[in-house]
*Asks:* 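If you scroll down you'll find the structure; I have some questions about it.
Remember, predicted model here, so these are calculated numbers, not experimental data. The figures that follow rest on heavy atoms only: side chains count, while hydrogens, waters and symmetry mates do not.
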Amino acid sequence: MTDDAAGESRPGALVREEHRDHATWLTLDRPERLNVFTGAGYDELGAAVDRAAADPATRVVVLTGTGRAFSAGADRSLVDGTATPDERRRAGEGFTALIEAVGRCETPIVAAVNGLAVGVGCTILLQCDLVLAARSARFRFPFTALGIVPEAGSSVLLPARARWGDAAWALLSSEWIDAPAACEMGLAWRAVPDADLVAETTRVAATIAAVDPAAVAATKRLLTAGRAELVRAAMAREQAAMGALLARGDA
């Protein structure tokens, strides 16, 4: 890929790809739907992450959103049971593939959280390397309020990143977390004025892109060594617990 500022997207697509200098920007761009994920959306973002990771011109991946939300999580039909079995199966496969794609990406991933980050819009941040947040951004792990359990390995990734009490409260209570609190607990790295989010993210990406990419990739491998195995094991436990809860509900 060449470095340019032209965006690449398809009508109805969730993800818009742009190449700016040595950064690939992946923007969740369905603001009228609060950038929620369907099975197709999981597939799109996972494939886009894989493309960026394989592109020698890309030294940093930026993940952000448009409108009021970074992402409000999974499409409601996947949560309230109105999706068809085939839609749920496809979404489950796409969700797993997306988490694996983000987890194996050796290129640094910088998240720029522009608004609401809920469900997978929040758990995906735990596999990003740096998380910047607009001051107005709000975060939520809504799982217990929905009668389900954490996902995407967040049951181990959040306690590894945040103070235990903060992680336990976030996952047990399903309460909202504002940007300053997210920074204090370790969920986010830095909160900036809303108007400065793009400029500050661009500066952070440029700083990383300016140093030896081989050394950066090797350093990321060292920082994340063993994480994939932890996430896989956690996701297996989470899925088993989810199954038990759903079985109880059916009964």
*Asks:* Write down the atom of Met185, the atom of Asp166, and the distance for their closest heavy-atom approach.
*Replies:*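 So the minimum-distance heavy-atom pair works out to CB-OD2, 3.4 Å.
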
*Asks:* Would Leu126 and Phe143 show up in the same hydrophobic cluster when neighbours are defined by side-chain heavy atoms closer than 4.5 Å?
*Replies:*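 Both belong to a single hydrophobic cluster.
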
*Asks:* Would the distance check show the side chain of Asn35 and the main-chain N or O of Leu28 forming a donor-acceptor pair, the cut-off being under 3.5 Å?
*Replies:*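 Judged by distance alone, yes, a pair lies under 3.5 Å.
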
*Asks:* Do the side chain of Glu17 and the main chain of Ala48 share a donor and acceptor less than 3.5 angstrom apart?
*Replies:*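 No: the side chain of Glu17 does not pair with the backbone of Ala48.
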
*Asks:* So, taking the atom named OG1 in Thr64 and the one named CG in Leu197, what distance separates them when rounded to the nearest 0.5 Å?
*Replies:*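 Taking OG1 in Thr64 and CG in Leu197, the distance rounds to 5.5 Å.
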
*Asks:* Please test Arg30 against Glu32 for salt bridge (charged side-chain N to carboxylate O under 4.0 Å, His left out), starting from the C-alpha separation and ending with a verdict.
*Replies:* CA-CA 6 Å; Arg30 294 192 70 187; Glu32 74 283 0; 3.7 Å; yes

*Asks:* What are the two closest non-hydrogen atoms of Asp43 and Gly94, and how far apart are they?
*Replies:*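 In terms of heavy atoms, the two residues are closest at OD1-CA, 3.4 Å.
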
*Asks:* Which heavy atom of Ala112 sits nearest to which heavy atom of Thr201, and what is that distance?
*Replies:*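 Looking at all heavy atoms of both residues, the closest pair is CB-OG1, 3.4 Å.
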
*Asks:* Taking the side chain as C-beta and beyond, is there a heavy-atom pair between Ile124 and Leu45 under 4.5 Å?
*Replies:*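 In short, these two side chains touch, coming nearer than 4.5 Å.
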
*Asks:* Would a 4.5 Å heavy-atom cut-off, applied to side chains only, mark Arg227 and Leu157 as touching?
*Replies:*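 Counting from C-beta outward, Arg227 and Leu157 do come under 4.5 Å.
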
*Asks:* Distance-only, no hydrogens or angles: does the Arg20 side chain make a donor-acceptor pair with backbone N or O of Trp25 under 3.5 Å?
*Replies:*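 Pair absent, no side-chain N/O of Arg20 close to backbone of Trp25.
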
*Asks:* Would you call Arg203 and Glu200 a salt bridge, taking side-chain N to carboxylate O under 4.0 Å as the test?
*Replies:*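 Glu200 and Arg203: salt-bridged.
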
*Asks:* Working to the nearest 0.5 angstrom, can you tell me the gap between Phe95 CZ and Thr38 OG1?
*Replies:*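 Between atom CZ of Phe95 and atom OG1 of Thr38 there are 14.0 Å.
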
*Asks:* Any side-chain to backbone donor/acceptor pair from Asp129 onto Val110? Under 3.5 Å, distance only.
*Replies:*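 Here the side-chain-to-backbone pair does not exist.
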
*Asks:* At what distance, to the nearest 0.5 angstrom, does CD of Glu175 lie from CZ of Arg138?
*Replies:*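 It comes to 9.5 Å.
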
*Asks:* Mind checking the OG1-CD spacing from Thr224 to Gln127? Nearest 0.5 Å is all I need.
*Replies:*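 Rounded to the nearest 0.5 Å, the OG1-CD separation comes out at 9.5 Å.
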
*Asks:* Closest approach of Thr96 and Met235, non-hydrogen atoms and distance?
*Replies:*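 Shortest heavy-atom contact: OG1-CE, 4.3 Å.
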
*Asks:* To the nearest 0.5 Å, what is the distance between CD1 (Ile177) and SG (Cys183)?
*Replies:*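 It comes to 11.5 Å.
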
*Asks:* What do you reckon, is CZ of Arg190 surrounded by more than 12 foreign heavy atoms closer than 6.0 Å?
*Replies:*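 Result for CZ/Arg190: enclosed.
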
*Asks:* Grab the two heavy atoms, one from Val113 and one from Ala137, that are nearest each other, plus how far apart they are.
*Replies:*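 It is O-CB, 3.8 Å.
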
*Asks:* In terms of relative ring orientation, are Phe37 and Tyr42 parallel, tilted or perpendicular, with 30° and 60° separating the classes?
*Replies:*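 Rings of Phe37 and Tyr42: parallel, as their planes differ by under 30°.
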
*Asks:* Please determine whether a side-chain nitrogen of the Lys or Arg among Arg59 and Asp21 lies less than 4.0 Å from a carboxylate oxygen of the Asp or Glu.
*Replies:*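 Salt bridge: no.
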
*Asks:* About how many Å separate CD of Glu151 and CD of Glu238, when rounded to the nearest 0.5 Å?
*Replies:*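 If we round to the nearest 0.5 Å, Glu238:CD and Glu151:CD are 8.0 Å apart.
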
*Asks:* Is there side-chain contact between Arg51 and Thr24, with at least one heavy-atom pair below 4.5 Å?
*Replies:*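 Of all side-chain heavy-atom pairs linking Thr24 with Arg51, none is under 4.5 Å.
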
*Asks:* Between Ala188 and Phe139, what is the shortest heavy-atom contact and its length?
*Replies:*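 Here Ala188 and Phe139 meet closest at CB-CZ, 4.5 Å.
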
*Asks:* Check whether Asn114 reaches the backbone of Ala69 with its side chain - one donor and one acceptor, N or O, closer than 3.5 Å.
*Replies:*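 Yes, Asn114 side chain to Ala69 backbone: donor-acceptor pair under 3.5 Å.
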
*Asks:* Ignoring hydrogens and geometry, is there a side-chain-to-backbone donor-acceptor pair from Thr58 to Val60 under 3.5 Å?
*Replies:*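 Absent.
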
*Asks:* Look only at the side chain of Arg140 and the backbone of Ser174, and say whether a donor-acceptor pair between them is shorter than 3.5 Å.
*Replies:*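 The answer is yes, because a donor-acceptor pair under 3.5 Å joins these two groups.
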
